[in-house]
Amino acid sequence: MGDEGLEAALDAAREGDEAGVNALYQAFQPPLLRYLRWRSPGGAEDLAQETWLAVARGLPRFEGGVSEFRAWLFAIARRKLVDEQRAALRRPRSEPWPARDEPGTLVLDPGQDPGDLVAGELDAQRAVAALTEHLSEEVAEVVVLRVVAGLSVEQVAALTGRSPGAIRVLQHRALRKLARALGPTGSLEAQEA
């Protein structure tokens with residue numbers, strides 16, 4: 001669906017139209033899940049659900065176009081992640097912290113429909129994991145928000161509390177580091193062999 005179609009869907013969704021909400025969900029759920037899985041592999045679906053519930057509550061009052069909606073959606077998701085991380089730190093753990101999942105793997109929750117992985121979802125998630133494993137979390141977040149979420153430099157700056165110039169520098173450094181990690185063949189596998 002193009003930007004014009006999404007604008008119309010957003011307008012309809014603000015008025016409570018179910019088809020408009022569904023169109024927004026279909027367009028933004030895949031990148032939202034990729035972002036959340038990058039930060040919280042085991043809790044991404046729950047966080048996405050909480051994010052969409054918050055969107056549903058605030059949508060009638062939302063002002064702006066599709067670009068602003070995308071930024072708003074990912075700002076809500078980021079706040080949900082921070083809240084989850086804070087809550088996890090307050091909970092006592094009786095078992096050791098789990099090791100980070102192997103790069104390039106996707107964690108499926110029990111009962112999750114494997115059909116959700118059709119049409120490149122698995123490959124996209126592996127690509128995000130493979131790219132971000134070479135970057136610090138701060139830099140990886142900038143790349144994921146710019147590439148996966150499709151946010152502008154200004155939107156990422158506002159979301160992360162940095163200046164647009166700082167975002168451009170972090171993105172540039174990330175691209176240089178990834179180019180070195182990929183090597184002359186242009187594949188991560190070449191570095192692992």
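Here the structure is a predicted model, which is why all the values come from computation and not from measurement.
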What is the minimum heavy-atom distance between [X] and [Y], and which atoms define it?
X	Y	result
A23	L6	O-CD2, 4.2 Å
G64	L10	O-CD2, 3.6 Å
E154	P164	CG-CG, 4.4 Å
V139	A174	CG1-CB, 3.3 Å
G20	A12	CA-CB, 4.3 Å
R146	L151	NH1-O, 2.7 Å

Notebook entry, point to check: In terms of hydrophobic clusters joined by side-chain contacts under 4.5 Å, are F62 and V66 together?
Noted result: yes
Margin query: Quiz question: by atom type and distance under 3.5 Å, do the side chains of S40 and Q85 form a donor-acceptor pair?
Written below: no
Note to self: For the residue pair W52 / Q29, report whether a side-chain donor-acceptor contact shorter than 3.5 Å exists.
What the structure shows: yes
Next item on the list: Could you go through the side chain to side chain contact (heavy atoms under 4.5 Å, CB included) check for Q155 and S67 one step at a time?
Entry: CA-CA 9 Å; Q155 290 168 330; S67 178; 2.9 Å; yes
Checklist line | Separation of R180 CZ from L175 CG (nearest 0.5 Å) | finding: 11.0 Å
Checklist line | Check against salt bridge (charged side-chain N to carboxylate O under 4.0 Å, His left out), E50 and R79 | finding: CA-CA 11 Å; E50 289 177 30; R79 283 193 299 272; over 6 Å; no
Next item on the list: Report the residue from I167, L159, V169 that forms a side-chain contact (heavy atoms from CB on, under 4.5 Å) with V142.
Entry: I167
Next item on the list: Give me the one residue out of L33, V143, V148, V144 that meets side-chain contact (heavy atoms from CB on, under 4.5 Å) with W38.
Entry: V144
Tell me, do [X] and [Y] make a side-chain contact under 4.5 Å, heavy atoms counted?
X	Y	result
L73	L24	no
R78	E141	yes
E84	L47	yes
Y35	L81	yes
F74	T51	no

Next item on the list: Give a yes or no on this: more than 12 heavy atoms of other residues, nucleotides or ligands lie within 6.0 Å of atom CD of Q49.
Entry: no
Check: So, are R173 and E138 salt-bridged, with charged N and O less than 4.0 Å apart?
Finding: no
Checklist line | Carboxylate-amine/guanidinium proximity below 4.0 Å for D11 and R14 | finding: yes
Check: Can you tell me if R70 uses its side chain to pair, donor with acceptor, with the backbone of A149 under 3.5 Å?
Finding: yes
Notebook entry, point to check: Is there a donor-acceptor pair closer than 3.5 Å between any side-chain N or O of E68 and the backbone N or O of G65?
Noted result: yes
